[in-house]
Number of protein chains: 2
Amino acid sequence: MSKKYRSDAMTAIHETMEALHKVGAIDKQTMRRFDDACLTPVQPLSAKQIKALREREHVSQTVFANYLNVTPNLVSKWERGEKRPSGPALKLLSLVDKRGIAAVA
Amino acid sequence: MSKKYRSDAMTAIHETMEALHKVGAIDKQTMRRFDDACLTPVQPLSAKQIKALREREHVSQTVFANYLNVTPNLVSKWERGEKRPSGPALKLLSLVDKRGIAAVA
DNA sequence: CATTCTATAGGACCCGGTACTATGTTCCAA
DNA sequence: TTGGAACATAGTACCGGGTCCTATAGAATG
C-alpha cells in the first residue's frame with residue numbers, strides 16, 4: 001500500500017485491467033476500448049437546455065460560472081445562444097447534467 | 001416529491017439555504033458566499049504536473065483526452081508546455097487532480 | 001516481417017472565452 | 001423612501017485555447 005489512490009472502483013478495475021494487459025491477456029486495443037466504454041457521452045446543449053440546467057440547480061449565473069471556472073458573462077452568452085460551449089466546457093456541463101452540480105464542486 | 005434530484009447532500013443543503021433565504025433569514029450576499037465556499041480551488045497546472053497527473057491515472061494521452069473531451073493533440077501540447085489549459089479545461093484537470101479520473105468519467 | 005498504437009511535431013485557422021464598460025431591475029439595509 | 005449592492009443582459013474588442021491537418025519515429029502487436 002505504498003501508493004495512494006483516491007478513486008475507488010474505477011481505479012481497482014483499471015489496475016486489474018492493466019495487470020492483465022502486462023501479462024498479455026489483453027492487448028492495448030481492447031484496453032483502450034474499455035476506457036472509452038466507461039465515458040459518459042457528451043452531447044451538445046442548446047441555450048435553453050443550459051438555462052434550464054442552471055435553474056434546476058438553483059444557482060445564479062455568477063455562482064454557476066464559479067462552479068465551471070468561467071466568467072458570468074460567458075454563462076449569459078451561452079443561455080442567449082451567442083456562444084456555444086465546446087470541448088472541456090461541454091464536458092463540464094454534461095457532468096452537471098448527469099450528476100448534478102455537486103459533481104463539479 | 002415531484003421534482004427529482006440526483007445530487008445528495010449538496011442539493012439538500014442548497015434547498016435548505018434557499019428556503020432560509022426565501023423566509024428572509026439569509027440574504028443573497030451570504031448565499032453567494034456560501035456557494036463559493038463550497039468550491040474546490042482551481043490553481044494553474046504546469047506541463048510536468050499535467051503529465052504526472054495523467055500518468056498517475058495510468059491512461060494514455062488519447063484516453064485522457066477522451067475523458068476531458070479534448071483532442072489528444074491538445075493533451076500533448078499541454079504536457080510540452082506549448083499550450084496552457086485555462087477556464088473549463090483547468091477546472092476539469094483540477095477535478096481529476098483532487099478526485100481522480102473517475103470523477104469525470 | 002507488416003501493422004497498429006503511441007507520442008511528438010508544426011502549421012493554419014476559427015471561435016470560445018476574457019476583459020471592460022454600460023444599462024435596467026430587483027433586492028436589501030439604513 | 002432612499003441608496004447601494006447583486007443580478008441579468010448587452011456590446012465591443014481582443015487574445016489565445018483548442019481543432020484539424022499532415023508527418024515522423026518508436027514501441028508494441030500479430
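In the text below, chain A, chain B and the rest are named by the order of the sequence lines, each starting its count at 1.
The side-chain hydrogen bond (donor to acceptor under 3.5 Å, both in side chains) test applied to B/Asn66 returns A/Asp36, not counting sequence neighbours. In terms of the salt bridge (Lys or Arg N to Asp or Glu O under 4.0 Å) criterion, B/Lys83 has no residue partners (sequence neighbours excluded). For A/Glu55, the side-chain contact (heavy atoms from CB on, under 4.5 Å) partners two or more places apart in sequence, or in a different chain, are A/Lys51. Checked against side-chain hydrogen bond (donor to acceptor under 3.5 Å, both in side chains), A/Thr71 has no partners two or more places apart in sequence or in another chain. Under the side-chain hydrogen bond (donor to acceptor under 3.5 Å, both in side chains) criterion, A/Gln61 pairs with A/Glu79, sequence neighbours left out.
The NZ atom of B/Lys91 sits 22 Å away from the P atom of C/dG16 (whole-angstrom rounding). Rounded to an integer number of Å, the gap from NZ of B/Lys51 to C1' of C/dT6 is 11 Å. Here C/dA7 presents its P atom at 12 Å from CZ of B/Phe64, a figure rounded to the nearest Å.
Here B/Arg54 does not reach the OP1 or OP2 of C/dT6: none of its side-chain N or O atoms lies under 4.0 Å away.
For residues 39-50 of chain B, no pair satisfies salt bridge (Lys or Arg N to Asp or Glu O under 4.0 Å), with sequence neighbours left out. Annotation: salt bridge (Lys or Arg N to Asp or Glu O under 4.0 Å) contacts involving residues 58-72 of chain A, sequence neighbours excluded, are absent.
When atom types are taken as modelled, the side chain of B/Asn69 and the backbone of A/Pro88 share no donor-acceptor pair closer than 3.5 angstrom.
Counting only Watson-Crick and G-U wobble pairs whose two key distances fall under 3.5 Å, DNA chain D forms stems of three or more stacked pairs at C:1-23 with D:8-30, C:25-27 with D:4-6.
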Seminar exercise, completed: The contact string for nucleotides 13-24 of chain D, one letter per nucleotide 5' to 3', using protein heavy atoms under 4.0 Å with B, S and - for base, sugar-phosphate only and none, comes out as ----BBBBB---
